[in-house]
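Reading through the structure tokens given below for one structure.
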Amino acid sequence: MFEPLPAKFSFPESEQRVLEFWKKHDVFARSLDLRRDGPRFVFYEGPPTANGMPHPGHCLTRAIKDLFPRYKTMRGHLVERKAGWDTHGLPVEVEVCKELGIHSKEEIEEFGVEEFVKRCTESVFRYTREWEEMTDRLGFWINLDEAYVTFHQSYVESVWWGLKTLFERDLLYQGHKVVWWWAQGGTALSAGEVGEGYRTVEDPSVYIRFPLVRDAERASRANEEPRASARPVQGNESAAAPGEPRGLKSAAPHEQLDPSKPVSLLVWTTTPWTLVSNHFAAVHPLLDYALVHDKTGDEYFYIATDLVEPIAEKVKHEFEVVSTCRGEDLLGVRYVPPFDVYYGYRRSRSRVYVLPTPNLEPLYLALGFDPDARACDAKAPLKSSGRDYIGWRVVPAEFVTLDTGTGIVHQAPAYGEVDFELLQEERERFIEDHALPLLNAVNPDGTFDASAPAQYRGRWVKDCDKEIMRELRDRGIMFHQESVKHEYPFCPRSEDDPLIQYARKSWFVRTSKFKEEFLKNNDGIYWLPEHIKEGRFGDFLRNNVDWALSRERYWGTPLPIWGCEKTGKMEAIGSYKELLAKPGIQGTAVWEEAKKADPDLPEHLKVHKPYIDAITYDSPFDTGEEPRASARADLGSETVTADEEPRGLKSAAHRPRMRRVPEVIDCWWDAGSMPFAQWGFPHVEGSVETFAQRFPCDFISEAIDQTRGWFYGLLAISTLLFSTKAEQDGSQSRSWSTDITHSPTKSRYPMPYKTCIVLGHVMGEDGLKMSKRTKNFKEPDYIFDHLGADAMRWYFFSAQTPWTSVRFQENAIRDSQREFLVRLYNVFSFFNIYANIDGFDPGTEGPVSTQSVGPVSNRSTATGYKPVPQRSQIDRWITSELHRTIKFVREALDRFENYPAAGRLNEFVDALSNWYVRRSRDRFWRPLEGSVGVPPASDTGYKPVPQDQDKWDAYNTLHEVLMTLSKLIAPFTPFFAETMYQNLVRGQGVEGARGQGEGEDSLCPISVHLCDYPESDEALIDETLAREMDLVRQVVSTGRAARTSAKLKVRQPLARVEIILAWKEYESRLQAHTGLIAEELNVKNVEFTHEADHYVHYQIKPNFKVLGPKFGKLAPKVGSALNKLDDPAAARKTLLADGELALTVGDQTVTLTKDDVDIRLEAKEGWSASQGRVGVVVVSTELTPKLREEGLMRELIHHVQGLRKQRDLAYEARVTLYVTGPGDFLDIVRRFTDTITSECLAERIEFAAPPGGDVLAVKIERHEVKLTIQPV
RNA sequence: GGGCUCGUAGCUCAGUUGGUUAGAGCGCAUCCCUGAUAAGGAUGAAGUCAUAGGUUCGAAUCCUAUCGGGCCCA
């Protein structure tokens, strides 16, 4: 007995019961236990952040992450799944700021870092419950109880270990980076965040004069060597001879002019505030530049030659080109910038001088090379010998274009990435890096600092634009001013704050040194889709730049570097324990007191700001040597610096202390460290071994935006720490990694993951990005409650390849559910109903095999069991289809291709429902021999009799198929699979399932998820039968079309169909199935006709695939000649008889063979015929009286069945049928009494008016008939 | 602005190495069937394969450019 299914089956409700069942029996844990000795399949969970509600996109990721581990588990692997939470980063801080109603870093400091950080820990777990519920409800099996958490002490210390290793290998260093800076928030934003915040705004667009310094030195040289002739064209090499300032050798056109004439570079900018910090003017060395005479203002300008006309037109001035030159001729030309603050700066002569701002320190230091000069005249020594000016001269740059501006670009390296790179290039020419200062008149909070002109100090730079422009106009520097609309980024979290590009000191990891290793590693990764490997990801690796690691924020893994306050020398710390073991440790009390004051404070916070910052220790670097001033700034000192009086002297009485640098690190680094940090490697006991067993990983999957996030982080960090190159680098930490990389069982590449499925994004109902504002998507919970988790999962798996973006549409999910799950449910329910009616027993004495169905399966105790090969054709056919499907699905899943696998399952269920069950229905309905309709319960001692064998074959086959299917779909739709399994195999609904261990043995696990994945049995696959059945289905489909066109209902039996096949060999395939075709088409006879010219036209079509290569240019002509054949039927005969056909094409004759052409059939008009791919089917429309009578009988049965349904009678209920009507009709009914009573489960037919009750009056053809049924 | 990717029926998507007649499902319309009923079947309408060039005997497919969407980076 199978637990009867409810009248109204609800997927969501049944899923709830399955969830309870899993929980009650701890099925996930048992599925792991079961495979304890199996080979590992390593899965890494990319940690989500739980500070927001989970949305449909997260469901997709989690569905895919569940599918393959479930599959691998059923294939015998041990697939541990450790969850993780990403808890650090700016988004968390911003979320907390929002709650607190604060904004800037100052406000955070004011609020208190201690409390702030505590709030962050609370914020990141705000939605943990929702996340856990979603995870659970979706059926994503993952160990949430032992999740790794990136802010936990053991995790942080693991990350520290990695960073220390890199620091000691000189792979972690400090440098500058120009970032998109949110000044009000005091932080850099990630590219993604910047991308979100672009808006169209109107900004000033100004053309500015940079008057030239009429350099006497240069001019005299120019006179000696007027216009040097041919020069090499390569930018940098060209201009400067060794030891000479660049450009000095060449002569620029203006040097021929009268020195009293005003000559300027004309530059363009949209950010006037950056002019204060101007350092260079850049030209493209290979572009043409013109010296123009502006007749309107009687002055001279340099601009790019191609822009002379557009600019003249724009400003409505009359320009005259005096002469032209290459950009490289201008290199080294000096100019006067708009502001004097740096240009005119002079190093103080006084012994003690306090700089007004730390931003001046670089300039102050740079002037050390030429202490007596004003900055504009200062020179510093070059590597090549000689000296060059430290600024305010023309430099070469490849990035200069003619798209906008003047072809001469104002350079303020502190506020532009390319500007900054250019500064670095210039620096390369000098012996000392700091010979060229980074000029920066802006504080990190976006206000002008004390080095800026007095009227702008302390004000937000963008607010000063207008006044700066007015000043420049007043001073005659402004040449032209307008405004321009363009895209400019704003802070996406605080929409009124424009971002600025701003150079910050930052810590970098030298990833670029490992580019080759990355690529080698990438080479072995199996990417889906494939193009990621060489495309997006490969490109990213090839263009690798050093990882900017540090963040000037509060909530993140603290950078574990302590520096000597005196010497600036630094060292890295690998763990908290290591830190506490340092000599002269101080500051631990801060944490202890905080903990005492608030015992609930998470212990993990002690490795975080601000507590960790309080810990200092004695410097090991106090060797008495002089400090380097530049080193002092590395400790984040913003304090005033005095000449020759280093800050350290203040504490000279004490031993110098080691203090932590202030930064925290990029949270992507946290996530990328998870392969080892999730185990607390190497500090936690046993973690080295644990890690070694679980590295590298077999499978990860996240959405495409993780390419440069987690995917890169994982690969980069693992390669840096554990690759061959890492070993060669050598370090004291090497012993850790050798354990991993020397393990003979692990291949060195790829690491840290072997397969990566890159998912597309989930879109809203309208195909656009999901948006909380427009609410263009349904919440996951809504789908769970209305359609169920399986429906959502199936939609994700089956609707498209996982890497295309998918619309989250309720209707689409419902449709895919209907197509697969509902259809499958119908079959399942059909089986359930009739198996119970007939008392089919799947075999209770021996357990059902967990292995796939096959001749060896332990099912011999099932009612009427017979091995598959001895069963009927259709049973063998569906079993064969099942095993072909198993094979296909396994192969697809082994390649991590869920989409084709799901598609194949869908096709199988369609074949099962629309062919097997439909074709086999009457086998299930037929009464058991001698039962007189009363089904024998299995306990009445019923013994199968031979007459019933076909019925039991059908039950066995369908049961085997459904049972196997439940396992096959288990990784995809785990809930419904469980429901089916419990019902079919365990013989009950999940809620009634036997308790743990009870009635269970190795062959009958209590859950489908503890079963092995079905194996395909080649012996049961019959490819020939599959092809035949395919052909039959096509013929039947064609035949039905023919009936439709003749307007003959399928109920009406017909005398015969004729099948005309395009190819003779099809006939032999169909011969064995004529009975089936006859039944399906409700005809008495099936005939094959070969020469049927009266039914069909023949067409001889060119087969270009063969003709093309054979005839080349003649092929189209041969083709059209074939299409224009006068008598294709005759040509066909010739071809069939002789094997070849001569054809005249133009003036030549060609010979065609059978392979050169395609013969097609087309039904002639006037026949009830229809054509399909295989041929033409013609139905005979002639109705004999006998056929007509049969049709009437079927019509009658149809109405009776309608009545049964209308009365809601049980399927097996017996009735008495009352019929009245015309005598001739009743005669027919009498003749068919046997058929009617059997089909309608009628005990007898009364030809009398019924004794009351509902009477159905119908018209059957021309007969008025009254019908009534009464249950017996 | 650069890189990657996609653009095929009203919608969602297939379309293998180029082969002349571009498919499926859903939806729609008409009809049928109904003892699986949240079903099932048949037929039909619907496509300048984003656009423009090129290569080729032949292009949805290969090449180039353009337009549009997405993602990543500037």
Side-chain angles (χ1 to χ4, degrees), chain A residues 8-11 180 191-192 194-195 401 403 417-418 487 529 531-532 534-540 543 703-709 758 760-761 763 767-769 795 798-801 803-807 809 811-812 814-819 821-823 825-834 837 899-900 903 906-907 910 913-914 917-918 921-922 924-925 1036-1045 1047-1051 1101-1120 1123 1158 1160 1170 1197-1198 1200-1202 1204-1205 1209-1213 1239-1241:
Chain A
K8 286 260 179 223
F9 183 81
S10 152
F11 283 98
W180 276 112
V194 175
T401 66
D403 297 343
E417 197 163 358
V418 290
E487 298 282 301
H531 61 75
I532 299 283
E534 291 308 322
R536 184 172 295 215
F537 197 67
D539 280 345
F540 183 57
N543 298 322
I704 183 139
D705 52 86
Q706 295 294 326
T707 313
R708 288 157 195 230
V758 183
H761 281 130
M763 301 292 171
L768 299 174
K769 248 187 196 174
Y795 174 67
S798 68
Q800 66 282 300
T801 54
W803 45 86
T804 47
S805 60
V806 49
R807 285 195 196 185
Q809 287 174 311
N811 278 338
R814 178 173 286 122
D815 286 347
S816 88
Q817 181 183 39
R818 210 167 16 221
E819 200 175 318
L821 287 171
V822 171
R823 198 178 275 173
Y825 173 81
N826 283 333
V827 176
F828 169 50
S829 151
F830 177 89
F831 172 85
N832 180 275
I833 291 165
Y834 290 101
I837 290 173
Y899 177 62
N906 219 353
E907 276 172 34
D910 179 62
S913 167
N914 289 328
V917 171
R918 195 161 56 74
R921 266 189 296 214
D922 58 353
F924 294 97
W925 297 337
V1036 167
S1037 168
T1038 310
R1040 267 198 287 260
R1043 288 194 72 118
T1044 304
S1045 66
K1047 294 203 182 340
L1048 288 165
K1049 295 176 183 175
V1050 181
R1051 267 199 299 266
K1101 288 279 180 184
N1103 178 1
F1104 280 100
K1105 209 163 186 169
V1106 180
L1107 287 179
K1110 196 164 164 185
F1111 295 106
K1113 294 201 183 209
L1114 202 59
K1117 287 175 187 160
V1118 175
S1120 69
N1123 286 331
D1158 246 347
R1160 295 196 189 156
S1170 189
I1197 292 171
H1198 161 66
V1200 176
Q1201 303 294 25
R1204 288 183 63 107
K1205 189 174 172 189
L1209 294 187
Y1211 297 116
E1212 69 273 24
E1239 297 249 340
C1240 302
L1241 289 187

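So you know, we letter chains A, B, ... as the sequences are listed, proteins then strands, and number each from 1.
Remark: the separation of the C1' atoms in B:G40 and B:G18 is 40 Å, to the nearest Å. Distance check on atom P: B:C4 versus B:U64 gives 11 Å, rounded to whole Å. Taking atom P on both nucleotides, B:C26 is separated from B:U66 by 41 Å, rounded to a whole Å. Comparing B:G27 with B:A42, their P atoms sit 14 Å apart, to the nearest whole Å. The gap from the C1' atom of B:U56 to that of B:U61 amounts to 13 Å, rounded to the nearest Å. For the C1' atom pair drawn from B:U30 and B:A46, the interatomic distance equals 15 Å after rounding to whole Å. Comparing the P positions of B:A9 and B:A60 gives a spacing of 15 Å, expressed to the nearest Å. Comparing B:C63 with B:C73, their P atoms are spaced 27 Å from each other, to the whole Å.
Nearest heavy atoms, A:Ser798 versus A:Tyr899: O-CE1, 3.2 Å. Closest of all the heavy-atom pairs between A:Ala703 and A:Gly760 is CB-O, 4.4 Å. When every heavy atom of A:Ile704 is checked against every heavy atom of A:Val758, the shortest pair comes out as CA-CG1, 3.5 Å.
When the nucleotides B:A14, B:C26, B:C72 are ranked by their closest atom to the side chain of A:Tyr899, B:A14 comes out on top. Taking the side chain of A:Val917 as heavy atoms from C-beta on, and the options B:G25, B:G40, B:A36, the nearest nucleotide is B:A36. With distances taken from any side-chain atom of A:Asp910 to the nucleotides B:C26, B:G25, B:G41, the minimum falls on B:G41.
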Check nucleotides 29-33 of chain B for protein N or O atoms closer than 3.5 Å to its own N or O atoms and list the pairs.
residue: B:C33; atom: OP1; partner: A:Arg1051; partner atom: NE; Å: 3.4
residue: B:C33; atom: OP1; partner: A:Arg1051; partner atom: NH1; Å: 3.0
residue: B:C33; atom: OP1; partner: A:Arg1051; partner atom: NH2; Å: 2.4

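Pair check for B:U16 finds none; no Watson-Crick or G-U wobble contact set falls under 3.5 Å. The base-pairing partner of B:G44, taking Watson-Crick or G-U wobble contacts with both distances under 3.5 Å, is B:C28. Across the strands present, B:A9 finds no partner; the criterion is a Watson-Crick or G-U wobble pair with both atom distances under 3.5 angstrom. For B:C71, the paired nucleotide is B:G3, the pair qualifying as Watson-Crick or G-U wobble because both relevant distances are below 3.5 Å. Under the Watson-Crick or G-U wobble criterion, with both distances below 3.5 Å, B:U64 is paired with B:A52.
Comparing A:Arg708 and A:Thr801 along RNA chain B, the residue whose closest nucleotide (by nearest heavy atom) sits nearer the 5' end is A:Thr801. Heavy-atom distances to RNA chain B give each of A:Asn826 and A:Ile704 a nearest nucleotide, and the one nearer the 5′ end belongs to A:Asn826.
Using cut-offs of 30° and 60° on the angle between ring planes, the pair A:Phe830 and A:Tyr834 is tilted.
Separating the CH2 atom of A:Trp803 from the P atom of B:C13 is a distance of 14 Å, rounded to the nearest angstrom. Whole-Å rounding puts the A:Glu819 CD to B:C13 P distance at 14 Å. Here the P atom of nucleotide B:G41 and the CZ atom of A:Arg918 are 7 Å apart, to the nearest Å. Across the protein-nucleic acid pair, A:Phe830 atom CZ and B:G40 atom C1' stand 13 Å apart, rounded to whole Å. Rounded to an integer number of Å, the gap from CZ of A:Arg818 to C1' of B:G27 is 10 Å.
Nucleic acid contact class of A:Thr707 (heavy atoms, under 4.0 Å, all strands): none. Residue A:Ser10 is classed as a base contact, given a heavy-atom separation below 4.0 Å to a base. Heavy atoms of A:Ser913 sit under 4.0 angstrom from at least one base atom. Among the heavy atoms of the strands, none lies under 4.0 Å from A:Gln817. If you check every strand for non-hydrogen atoms under 4.0 Å, A:Arg814 touches nothing. Base contact: A:Val827 has a heavy atom under 4.0 Å from a base atom.
From A:Thr707, atom OG1 reaches atom CG of A:Asp539 across 11.5 Å, with rounding to the nearest 0.5 Å. Here CZ of A:Phe11 is found 5.0 Å from CG of A:Leu821. Values are rounded to the nearest 0.5 Å.
Between the side chain of A:Arg918 and the backbone N or O of A:Asn914 there is at least one donor-acceptor pair closer than 3.5 Å.
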- request: Summarise how protein sits on nucleotides 4-11 of chain B as a single string, 5' to 3': B when a protein heavy atom is under 4.0 Å from the base, S for sugar-phosphate-only contact, - for no contact.
  value: BS-----S
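Taking the six-membered ring for Trp and the full ring otherwise, A:Phe831 and A:Phe924 have centroids separated by 6.0 Å or more.
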